[in-house]
Amino acid sequence: MKTGSELGLEAREQLVETLQKVPGFRFLNKQGVGREKGFPSAPEYALDFPVKEKDGTSWQLKAEVKSVGHPKQVRESIFWLNRNLNKPGTAENVYPIFIAPYISSQAAKICVEEEIGYLDLSGNCHLSFGGIYIHVDGQENKFKNKRGLRSLYSPKAERVLRVMLSNPLHRWKVEEIAEEAEVSLGTVSNIRKLLADQEWLDKGKEGFRLTDPENVLKNWWDHYEPGRSKMLQYYSIAGEIEIGSALQRLKVQRWAFTGLNAAGRYAFMVPSEIVS
C-alpha cells in the first residue's frame, strides 16, 4: 500500500493535469500545501490549492485523499471537508474535492449529491465550480484489490450472501449466520465489514441486515465465476416428484430444482423433463 505522501503526490499531479486542460485556468501554486494525516478515519493526505479562473475569479481547492474510494470512506472525508470549510477565516470561494485511487459508482453518487467534487487516479472525475465543469466516467479501475474481491465473492463468502439474500429483512447475529451458512465467525465478520464499506449493511442492536439486496445481487452477478463450480448432468426416466422424493430419502441437506425444471414450475409451456 502506498504511503500518504506517495498517494498525495500522485493525487496532486492528477488534479493539476486535469485542470490545466481548461483554457485560461491557472494554478497560483502548483505545489499546493500538502499535509499527511495519521489518526483513525482521517484522510491519508490533504491538499490545498489557490487557483484562478480565466475571468480572474479566485478559488481555493481543498482536497482530501484516501487510499480507498468506497462510500464509507467518502462519508468520512465529507465530514473532514465540511469541518475544515466551516472554520473561521476560510476563503469565500472554496471547492472541496475527494480523491482516491478509484472511486466506486456509489461513492461518486454521494459526492455529487453532497456537492463535493471527486477525482480518482484511474481517470474518472467530477469537478464543478464557478465556470468549470469536467465530468469523466467509465474509466476502468487500475487499482483493483483482488484480495478484497476474492474475500467478498469467495465460495465461503457466497454462502453468507445466499443466506442473507434468502431473508433480506431479517436481522442477523454473527453467530446465527455463521451456523446457518456453515462458515467461521471470522468469515462472517469480514463479509459484514466489506458490505458496510459499500453501505449495503444496516447495523443495530438487534443485528445486521442488507439495506440494498438488489444491488448486492447485481454486483454478485457481475463478479460470479460459473467455471469455478463443478457441473454434472444425469438422465432418469423417473418424474420430478419421484426424483425429489429420492433426494429427500438421501438426506441431502440443500437441494433445489433449477434451470428448465424450475422454469417449468412457473410457465407450463417450458419443457421441464431435464432436471438440474
Side-chain angles (χ1 to χ4, degrees), residues 7-8 11 14-15 18-19 22 25 37 40-49 51 53 57 59-87 90-145 148 152 168 192-204 208-223:
L7 194 60
Q14 184 80 5
L15 183 60
T18 301
L19 285 169
V22 179
F25 189 88
K37 297 183 177 181
S41 79
E44 278 84 346
Y45 205 79
L47 293 168
D48 200 337
F49 282 102
V51 299
E53 289 187 73
T57 305
W59 285 85
Q60 198 74 18
L61 306 183
K62 291 186 177 292
E64 301 286 17
V65 186
K66 281 218 164 193
S67 57
V68 179
H70 294 322
K72 180 181 178 182
Q73 285 70 31
V74 168
R75 299 282 188 196
E76 291 173 351
S77 281
I78 288 175
F79 167 79
W80 289 100
L81 285 164
N82 289 332
R83 182 179 178 182
N84 289 327
L85 296 183
N86 293 327
K87 285 183 178 179
T90 303
E92 182 178 351
N93 292 332
V94 180
Y95 185 61
I97 305 171
F98 174 73
I99 303 178
Y102 181 75
I103 298 174
S104 68
S105 58
Q106 296 97 328
K109 183 180 179 182
I110 293 171
C111 289
V112 173
E113 290 174 348
E114 296 292 334
E115 298 183 349
I116 301 287
Y118 68 81
L119 177 142
D120 67 29
L121 305 183
S122 297
N124 302 290
C125 71
H126 178 86
L127 303 172
S128 178
F129 61 95
I132 305 298
Y133 183 84
I134 306 174
H135 182 87
V136 180
D137 62 16
Q139 301 299 309
E140 187 177 353
N141 184 1
K142 297 178 181 178
F143 306 88
K144 288 183 179 178
N145 185 345
L152 188 55
R192 184 178 61 175
K193 180 182 182 302
L194 290 169
L195 291 171
D197 285 345
Q198 298 291 344
E199 294 195 337
W200 291 339
L201 204 69
D202 175 43
K203 292 186 285 187
F208 57 92
R209 68 175 181 85
L210 295 173
T211 57
D212 192 355
E214 183 178 353
N215 209 359
V216 171
L217 191 59
K218 287 180 179 178
N219 200 55
W220 187 6
W221 168 266
D222 291 337
H223 294 87

* Asked: Does a sphere of radius 6.0 Å around CD in E214 hold more than 12 heavy atoms from other residues, nucleotides or ligands, not counting ones at 6.0 Å or beyond?
  -> no
* **Distance in Å, D137 CG paired with S122 OG, rounded so as to fall on 0.5 Å steps** => 12.5 Å
* Show the numbers, then the answer: is there a side chain to side chain contact (heavy atoms under 4.5 Å, CB included) between L19 and L61? => CA-CA 11 Å; L19 285 169; L61 306 183; 3.6 Å; yes
* Asked: Does the D212 side chain pair with the main chain of W200, one donor and one acceptor, at a distance under 3.5 Å?
  -> no
* To do: Determine yes or no for a side-chain-to-main-chain donor-acceptor pair under 3.5 angstrom, with Q14 supplying the side chain and L119 the backbone.
  => no
* Return the orientation label for the Y118 and H126 ring planes: parallel under 30°, perpendicular over 60°, tilted otherwise. => parallel
* To do: Determine whether F98 and K66 make a side-chain contact, defined as any pair of heavy atoms from C-beta on separated by less than 4.5 Å.
  => yes
* Report yes or no: does S77 contribute a side-chain atom to a donor-acceptor pair with the main-chain N or O of V65 at less than 3.5 Å? => no
* Taking the side chain as C-beta and beyond, is there a heavy-atom pair between I103 and N124 under 4.5 Å? -> no
* If we only count heavy atoms from C-beta on, is the E64 to E76 side-chain gap below 4.5 Å? -> no
* Looking at side-chain heavy atoms only, is the closest gap between P168 and R209 below 4.5 Å? -> no
* **Partners passing ring pair (Phe, Tyr, Trp, His ring centres under 6.0 Å) against F129 (at least two apart in sequence or in another chain)** => W59, Y95
* Verify the neighbour count for atom CD of Q139: are there more than 12 heavy atoms of other residues, nucleotides or ligands below 6.0 Å? => yes
* Given I134 and T18, is the side chain to side chain contact (heavy atoms under 4.5 Å, CB included) satisfied, shown in steps? -> CA-CA 9 Å; I134 306 174; T18 301; 4.1 Å; yes
* Asked: Which of these passes salt bridge (Lys or Arg N to Asp or Glu O under 4.0 Å) with E199: K109, R75, K72?
  -> R75
* To do: Could you check D197 against Q73 for side chain to side chain contact (heavy atoms under 4.5 Å, CB included), going step by step and ending with a plain yes or no?
  => CA-CA 8 Å; D197 285 345; Q73 285 70 31; 4.2 Å; yes
* Minimum heavy-atom distance G8-L47, with the two atoms named -> O-CD1, 4.0 Å
* Look only at the side chain of D202 and the backbone of T211, and say whether a donor-acceptor pair between them is shorter than 3.5 Å. => no
* Under a 4.5 Å cut-off applied to non-hydrogen side-chain atoms, are L7 and P101 in contact? -> yes
* Structure fact -> Note: A11 and I99 closest approach over all heavy atoms is CB-CG2, 3.6 Å
* **Side-chain donor/acceptor of S104 to backbone N/O of H70, under 3.5 Å** => no
* Identify the heavy atoms of G130 and E53 that sit nearest to each other, and give their distance. => CA-OE2, 3.5 Å
* Asked: Between I78 and I110, is a side chain to side chain contact (heavy atoms under 4.5 Å, CB included) present by the stated rule, with each step listed?
  -> CA-CA 10 Å; I78 288 175; I110 293 171; 3.9 Å; yes
* Asked: Is there side-chain contact between N215 and Q106, with at least one heavy-atom pair below 4.5 Å?
  -> yes
